[in-house]
Structures are given as C-alpha cells and as structure tokens.
S.K.: 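Have a look at this one.
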Amino acid sequence: MTEKTLPQPTALIRPVDSGPLTASAATLRGEQSHADGSQFYLTPVRVPNLPVQFAIKRTIDATSALLGLIVLSPALTAIAVLIKLDSRGPVFVRQLHTGLDGAPFELLTFRCKTTDTLDPPFTPLGRFLTRTRLAVLPRLWNVLLGDLSLIGPRPHVPDMMAAGRSYDGLVRGYEDRNLMRPGLTGLAQTRGLTGPAGQHWMAIRQIICDADYIRNFSLFLDMKIIFHTAINAVKRQTRF
C-alpha cells in the first residue's frame, strides 16, 4: 500500500447520466474493455503513498464513530427496545461482508424484517428505519472497530452478484477495490450509483468509481464526498 498514484481522471466528483455505460466516455477514461464484451478489464489500481493522510483518516473515523455512538446512544437504545416490542427476533442483523485486503467482517444493521419465513417481510418499524436510514446506525460500531471507514468503496458480501453474474466474473481486477476499507458512503453514491446493480453497466460503473476513489484518495476528496453526501441527503428529505 505504498505505491505511487496513477494519473488523475478528468473529475473526481461529477454527475452520471442515465444512459448505458458506453454513453459516458469520461467515466471510462483509464479503463479498457475487451472486444468480446464477456468481461470488463479494469486498469490496475495502486494506492497513493500518503501514510500521514491515511493515519489522519483512520483517526477521524474512530473519533467520529465514538462520538456518534455516545451522542446517539439514547436513540440507539430506544430503537433497540422498539424492535424487541415490534416483533420476535434479535435486535441486530449480522451479515458477512468483505473488508480491507479481502478480510471478512460482520456488518451490523438494525433488524427490519420478521424472522418467521424464508422470505420475511418488513415490519412496520423496519420500513420506517429503512426509509430514514436509521437502520444503518449500528455500523458506526464497525467504523470504530476498523472494519469500515466513513468514506470508501461500498461494502460487498462475498461472491457479490450483479444482474445474474458475479462481480469478479464481470470485472477483471474487481478485487482491487479491497485495497481500502469499505465506507458508509463513497464516490459511487455521489455520482448517483446507489442501490442494487440490476444491470451490468451499472455494476461496472460502481466498480470504476471505487477504483477512481482509491487511485485519487486524499483527505480533500473525502471532504468533498461528505459534502456531496450531505447535499444529496437534504435533497431526498425535501423532495416533493
């Protein structure tokens, strides 16, 4: 993790159009795809040699998560009690995800579904927690432990699928996204690439965003991502 960074792309944060992958040439700068279309080849990713900035990033993560857990402890406790009263089952869901250098970890989330069936429906409280994003508050514990960062690639489960294909089968070099800790938010979210990847082009663009973030990491970029994430959150809350 001490390699020099590759050349900068045209922009670190830019809007994404809604067209297919081939319609956004700027997003694909520095990447290449073989003509048979069977697999997208990602340009190899190298982590910038910025040890001081990485140390500051980790300090910010741990400090922010600890303060967040302390300040939000009354709300976290109230939500936990409501979940127990709302339906039978555990308060938290622990799902295995892939972290830094491919190490597995359990991602914490408030339980939002029943435990009675194989395809459980959302509980009334669970729908509210999911819609308001309160369900992910326990992930601050993952940040404190070092499993997650505030900013980074989106956490994936092992053998993650996109439109019926595994990510590593769809994108050659997919594992390079594990060169940094996954994050609560990241560059893909600021570009509007959120939610499940139901189409191959969407999945590929998400991975390109992860590669862009790792190649161009800086604390300034993290601040820009936090700013854009906050703006997007306000827009969602004020949308009519």
Side-chain angles (χ1 to χ4, degrees), residues 61-62 64-99 103-167 181-186 188-199 202-203 206 210 225-226 228-240:
D61 286 343
S64 300
L66 180 60
L67 290 176
L69 289 169
I70 293 173
V71 172
L72 295 172
S73 58
L76 294 170
T77 302
I79 292 172
V81 171
L82 290 174
I83 290 174
K84 294 300 291 185
L85 294 176
D86 186 54
S87 61
R88 292 182 300 175
V91 170
F92 302 106
V93 172
R94 301 171 183 267
Q95 188 177 25
L96 191 66
H97 280 67
T98 302
F105 71 96
E106 290 185 333
L107 187 68
L108 283 179
T109 307
F110 278 128
R111 180 175 60 84
C112 295
K113 297 184 177 182
T114 63
T115 58
D116 298 331
T117 62
L118 293 177
D119 187 18
F122 282 93
T123 65
L125 176 62
R127 283 193 293 270
F128 171 77
L129 295 177
T130 301
R131 185 175 64 252
T132 58
R133 301 291 293 170
L134 293 174
V136 303
L137 287 180
R139 296 180 185 181
L140 289 173
W141 180 250
N142 289 115
V143 176
L144 183 62
L145 293 180
D147 300 325
L148 289 179
S149 176
L150 296 178
I151 310 296
R154 185 180 180 182
H156 280 189
V157 298
D159 301 319
M160 185 86 165
M161 303 290 288
R165 291 183 62 182
S166 66
Y167 268 86
R181 287 184 180 87
L184 295 180
T185 188
Q189 288 89 329
T190 66
R191 293 177 178 173
L193 301 171
T194 58
Q199 296 177 304
M202 174 68 80
Q206 289 175 346
D210 295 339
I225 291 173
I226 290 174
H228 280 258
T229 299
I231 293 298
N232 291 339
V234 170
K235 288 181 178 179
R236 284 195 298 269
Q237 293 298 322
T238 57
R239 187 176 298 160
F240 294 96

S.K.: To the nearest 0.5 Å, what is the distance between CZ on Phe122 and CZ on Phe128?
M.R.: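 So the CZ of Phe122 and the CZ of Phe128 are separated by 14.5 Å.
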
S.K.: Show your working on side-chain contact (heavy atoms from CB on, under 4.5 Å) between Leu107 and Arg139 and close with a plain yes or no.
M.R.: CA-CA 7 Å; Leu107 187 68; Arg139 296 180 185 181; 3.6 Å; yes

S.K.: Rounded at 0.5 Å granularity, tell me how far NE2 in His156 sits from OH in Tyr167.
M.R.: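 Interatomic distance, His156 NE2 to Tyr167 OH, rounded to 0.5 Å: 4.5 Å.
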
S.K.: Could you tell me which non-hydrogen atom of Pro104 sits nearest to which non-hydrogen atom of Leu96, and how far apart they are?
M.R.: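 Residues Pro104 and Leu96, closest heavy atoms: CB-CD1, 3.7 Å.
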
S.K.: In Å, rounded to the nearest 0.5 Å, how long is the span from CD of Gln189 to CZ of Arg154?
M.R.: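 Separation between the atoms: 7.0 Å.
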
S.K.: Can you check side chain to side chain donor-acceptor pair (under 3.5 Å) on Ser87 and Arg111, steps first, answer last?
M.R.: CA-CA 10 Å; Ser87 61; Arg111 180 175 60 84; 2.9 Å; yes

S.K.: With distance as the sole test, does Lys84 use its side chain to make a donor-acceptor pair with the main-chain N or O of Gly89 at under 3.5 Å?
M.R.: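 Yes, because the side chain of Lys84 sits within donor-acceptor range (under 3.5 Å) of the backbone of Gly89.
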
S.K.: Give the minimum heavy-atom separation between Pro182 and Gly99, together with the two atoms involved.
M.R.: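 Looks like CD-CA, 3.9 Å.
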
S.K.: Closer than 3.5 angstrom, by distance alone: can the side chain of Thr123 be matched with the main-chain N or O of Gly126 as a donor-acceptor pair?
M.R.: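 Indeed, once roles are kept as given, a pair shorter than 3.5 Å links the two residues.
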
S.K.: Give the intermediate values and the outcome of side-chain contact (heavy atoms from CB on, under 4.5 Å) for residues Thr229 and Thr190.
M.R.: CA-CA 6 Å; Thr229 299; Thr190 66; 4.0 Å; yes

S.K.: Any donor and acceptor pair, going by atom type alone, linking the side chain of Arg181 with main-chain N or O of Gly146 inside 3.5 Å?
M.R.: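 A pair under 3.5 Å: yes.
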
S.K.: How far apart are the C-alpha atoms of Leu108 and Arg94, what are their side-chain angles, what is the distance that settles it, and do they pass the side-chain contact (heavy atoms from CB on, under 4.5 Å) test?
M.R.: CA-CA 5 Å; Leu108 283 179; Arg94 301 171 183 267; 3.6 Å; yes

S.K.: Over 60° means perpendicular and under 30° means parallel, so tell me whether Phe105 and His97 are parallel, tilted or perpendicular.
M.R.: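 Ring orientation of Phe105 relative to His97: tilted.
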
S.K.: Minimum heavy-atom separation for Gly186 and Ile151, please, with both atom names.
M.R.: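 Nearest heavy atoms, Gly186 then Ile151: CA-CG2, 4.4 Å.
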
S.K.: Can you check whether Pro120 reaches Thr115 side chain to side chain, under 4.5 Å on heavy atoms?
M.R.: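 They are not in contact (no side-chain heavy atoms under 4.5 Å apart), so the answer is no.
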
S.K.: Can you see which heavy atom on Pro138 is nearest to which on Thr109, and at what distance?
M.R.: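 Heavy atoms of Pro138 and Thr109 come nearest at CG-C, 4.2 Å.
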
S.K.: Rounded to the nearest 0.5 Å, what separates atom CG in Leu129 from atom CG in Asp86?
M.R.: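 So the gap between those two atoms works out to 8.5 Å.
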
S.K.: Which value, rounded to the nearest 0.5 Å, describes the distance between Leu137 atom CG and Leu69 atom CG?
M.R.: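 Atom-to-atom, Leu137:CG and Leu69:CG are 9.0 Å apart.
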
S.K.: With side chains defined as the heavy atoms from C-beta onward, is the minimum distance between Thr98 and Pro155 less than 4.5 Å?
M.R.: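 Of all side-chain heavy-atom pairs linking Pro155 with Thr98, none is under 4.5 Å.
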
S.K.: Within this structure, what is the CG-CG distance for the pair Leu150 and Leu184, rounded to the nearest 0.5 Å?
M.R.: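 One gets 6.0 Å once the value is rounded to the nearest 0.5 Å.
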
S.K.: I would like to know whether Ile79 and Phe110 meet side-chain contact (heavy atoms from CB on, under 4.5 Å); could you show each step before the answer?
M.R.: CA-CA 8 Å; Ile79 292 172; Phe110 278 128; 3.7 Å; yes

S.K.: Quick one: does Ser64's side chain have a donor or acceptor within less than 3.5 Å of a partner on Asp61's backbone?
M.R.: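 Between the backbone of Asp61 and the side chain of Ser64 there is no qualifying donor-acceptor contact (under 3.5 Å).
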
